[in-house]
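Atom set for the values below is all heavy atoms of this structure, side chains included, hydrogens, waters and symmetry mates excluded.
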Amino acid sequence: MDCNTIDVTNPETWLRRGRSPAEAAALAAAWQDYPDLPISAPADERMARTHARTIAMRPIFEAMRVRTEAERQSKNFAFVSGQIADGRASEQDKAIVRARDDYGYDWDRAVQFAQGWYAAIAGWNHRCTVAGRSDAHGALKAAYDHGFADGGGDISDLFDAARRANLAREDTSVRQSAPTSQSSGKLRPSQWPIPQDGHRPVSWERRIVILTELDLLPPLGRGNRPSRRPSALHLARERSAEALSILVLTRTGFVEAEDAVPCSHTITAAEAEILIADDAVRAQLKARLAARECDDLLVTAQGEFLRVLDALSDAFPVMRTMERTRNTPLQQRAHLEIWLARGRMPGQNLGAGHIRWSKASKGLTAKLGEFTARYAGPAAEWGHLIRVSLEDGSIADGFVTADHSPLAPEIRISSKARLRLEMAQALRAFGGATRLSERFPF
C-alpha cells in the first residue's frame, strides 16, 4: 500500500487525527459498512454508495459539531471567569457570566445580553448589530434587548438615551469602566486606522507626528543590530524640511524632538502606569497640542507607549485625519512612509487620491487619475528611468507646477530601492500640475 494512503476503516487512523475514541470507532465503522466500490462499478452505484455513507456519517458529524461548540463555550466562559477572579474583568465581562448564571444563556446570547446591558448603563443608544431573520439571529437580538432593558433602557421612551447618559455621567463605576472612545465620542489612538494614501495632502505646517524614544534610533536589522536606514525622526525631518511639528513621548513625558534622548528599549508596565497617573503629563500634552493648529496627526507608539496614549486620549483634539502605525516593524515603517508622502510644502500643489500599483513581475506601474508612471528600465549612462504618460499612452509633456516650474516626464533615479517612492512623488507632482501656463496659452 502507498505510504500516503490512509486506512479509513481503522479507528487508529482517526485517533491520530484528533478524534475521540467514540468518534474514531464510529467513523471507521461507517467506512467498513459502506466501503468505496471499485472503479469498474457503474457510476450510479458508486454514487449511491457514497450517498449512503454520507447519511450514515451525518449523526457522527453532528455529534462532533455539538462537542466542539460545547468546548468553545466552556473555554470562553472559563476565560472570562478567570479574568473576574483575577480582578481584571470589566463590568461587561461580569455581565456575560451573570447572563449565564441568572438566565441560562449560552455564550453568544450572553455576549449580546452584556452588550445590551452595558449600552444601557453607559447611556448609549440601542444599536444591536445582529441582522437576519433566522431563529439564531432572533435569539441573539432578543438577548440584546433583554440586556438593554435589564440595564434600564427603554426604546419606547424618546428621551431615554439622554436620561441614561446623564445618569452615566454621575456613576463613577460606569465612567471608569467605559472605554474612552465611547464615553467621549472619540476613538483611542490604538483604534485609529493605518495611514492611507487616498487622503488629501496637507501642508507640513499643519501636520504633527508623535514619536517615541525608540524612533530616534535607526531601525534594527538582522541579528537585532542597527541597520543603515535612517531613523524615523531623521526621515520625518528630511521629508518635511523641518516644517513638521514633532513630539516625542519619553519615559518622563512629552518633549520636543531636539530635547529627546534616544533609548533602545521600551518602557515597562510600571513606568507606563506612572505616566498615566501623572496629571502633569496630561497637561503637558494638552498644552503642546493647543499651541499648534494641525489637521493631520500620526502616532508611532506601540506596546506600553500606546497604552499611555490611550489613557491620555481625552487630551487629543479632534483633527481631520488621526492615524497610527501598527503591526510589524517593517509595516510600521511603510505606514510612516505613506503618511510622510502626503505632506506638501506651503504653496505647493500635489495630486490627491489612491495610487493604484500593478504587479512588479509585469513591470512596475502606478496610476493616479489620468497619469501613469512606469519603470522604463536602466538609463543609458547611469541609474534608472521612470516615465510618466497620459491615458492615451502619450508622454506627459508640458506640465508645470504652480510656480511655472516645468515637470520632466522622464525621471532618472540612482537606485531601484527608491523606485516606488519616486514614482509616487512623480504622480503626486503631475496630479497637482497644469498645462495652462505661459507655455500653453489659452
Side-chain angles (χ1 to χ4, degrees), residues 1-86 88-90 92-117 128-147 327-328 331 359 361:
M1 179 182 293
D2 187 356
C3 62
N4 294 322
T5 303
I6 62 174
D7 184 6
V8 291
T9 62
N10 187 354
E12 291 295 330
T13 299
W14 302 105
L15 286 173
R16 288 195 299 268
R17 281 159 175 76
R19 307 301 183 189
S20 66
E23 294 169 353
L27 288 170
W31 278 96
Q32 292 169 7
D33 294 339
Y34 302 95
D36 280 340
L37 294 177
I39 194 66
S40 58
D44 56 345
E45 294 182 9
R46 286 187 282 119
M47 292 181 61
R49 176 60 60 86
T50 301
H51 182 65
R53 185 172 59 243
T54 301
I55 295 176
M57 287 183 172
R58 191 170 295 164
I60 304 173
F61 287 115
E62 177 62 22
M64 291 165 55
R65 186 195 65 79
V66 172
R67 176 179 62 82
T68 302
E69 176 63 17
E71 290 177 353
R72 179 184 74 91
Q73 302 218 12
S74 176
K75 289 179 180 178
N76 289 346
F77 277 122
F79 175 79
V80 175
S81 299
Q83 294 286 96
I84 295 175
D86 295 340
R88 296 182 294 174
S90 65
Q92 187 168 333
D93 293 334
K94 297 176 183 177
I96 293 176
V97 176
R98 189 168 65 251
R100 178 198 62 181
D101 297 340
D102 295 349
Y103 305 110
Y105 283 161
D106 60 12
W107 172 258
D108 294 333
R109 289 191 295 168
V111 169
Q112 290 297 323
F113 174 91
Q115 290 180 353
W117 174 85
C128 180
T129 57
V130 178
R133 299 182 178 180
S134 66
D135 294 340
H137 290 157
L140 294 177
K141 186 178 184 306
Y144 182 94
D145 294 340
H146 184 188
N327 303 333
T328 66
Q331 289 176 314
K359 292 183 178 180
S361 60

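Across every non-hydrogen atom of Ala41 and Glu45, the tightest pair is CB-OE1, 4.5 Å. Across all their heavy atoms, Ile84 and Lys94 have their closest contact at CD1-CA, 3.9 Å. In terms of heavy atoms, Ala24 sits closest to Pro11 at CB-O, 3.5 Å. Across every non-hydrogen atom of Trp31 and Met57, the tightest pair is NE1-CE, 2.8 Å. The shortest heavy-atom contact between Ala99 and Phe113 is CB-CD2, 3.4 Å. Between Ala56 and Pro59, the shortest heavy-atom contact is O-CD, 3.4 Å.
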Q) Where do Arg72 and Asp108 land on the salt bridge (charged side-chain N to carboxylate O under 4.0 Å, His left out) test, with the steps shown first? A) CA-CA 11 Å; Arg72 179 184 74 91; Asp108 294 333; 3.2 Å; yes

Q: I would like to know whether Leu27 and Phe61 meet side chain to side chain contact (heavy atoms under 4.5 Å, CB included); could you show each step before the answer?
A: CA-CA 9 Å; Leu27 288 170; Phe61 287 115; 4.2 Å; yes

Q) Under the side chain to side chain contact (heavy atoms under 4.5 Å, CB included) criterion, do Glu12 and Asp7 qualify, and how do the steps go? A) CA-CA 9 Å; Glu12 291 295 330; Asp7 184 6; over 6 Å; no

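Under the rule for a salt bridge (charged side-chain N to carboxylate O under 4.0 Å, His left out), Asp93 has no partner lying at least two apart in sequence or in another chain. With sequence neighbours left out, the side chain to side chain donor-acceptor pair (under 3.5 Å) criterion links Glu71 to Arg67. Not counting sequence neighbours, the partners of Arg53 by the side chain to side chain donor-acceptor pair (under 3.5 Å) test are Asp36. Remark: Glu62 engages Arg65 in a salt bridge (charged side-chain N to carboxylate O under 4.0 Å, His left out) (not counting sequence neighbours). Partners of Ser74 according to the side chain to side chain donor-acceptor pair (under 3.5 Å) rule, which considers only residues two or more places apart in sequence or in another chain, do not exist here.
At least one side-chain heavy atom of Met64 sits under 4.5 Å from a side-chain heavy atom of Arg19. The shortest distance between side-chain heavy atoms of Val111 and Tyr105 does not fall below 4.5 Å. Counting only heavy atoms from C-beta outward, the side chains of Val80 and Arg100 never approach each other to under 4.5 Å. For the pair Ile55/Tyr34, no side-chain contact is recorded, criterion being any heavy-atom separation below 4.5 Å from C-beta on.
Under the 30°/60° scheme for interplanar angles, the aromatic rings of Tyr103 and His146 are found to stand perpendicular.
Identified under the side chain to side chain donor-acceptor pair (under 3.5 Å) test for residues 76-86, with sequence neighbours left out: Gln83-Arg88, Asp86-Arg88.
Atom CG in Asp145 sits 9.5 Å away from atom CD in Gln112 (nearest 0.5 Å).
Between the side chain of Trp14 and the main chain of Glu23, no donor-acceptor pair closer than 3.5 Å is present. Counting only distance, with no hydrogens or angles, the side chain of Thr13 and the backbone of Thr9 share no donor-acceptor pair below 3.5 Å. Side-chain atoms of Gln92 do not come within 3.5 Å of backbone N or O of Ala114 as any donor-acceptor pair.
Checked for salt-bridge contact, Arg98 and Asp101 miss the test: no charged N lies under 4.0 Å from a carboxylate O. Here Asp44 does not pair with Arg49 in a salt bridge; the nearest charged N to carboxylate O distance is not below 4.0 Å.
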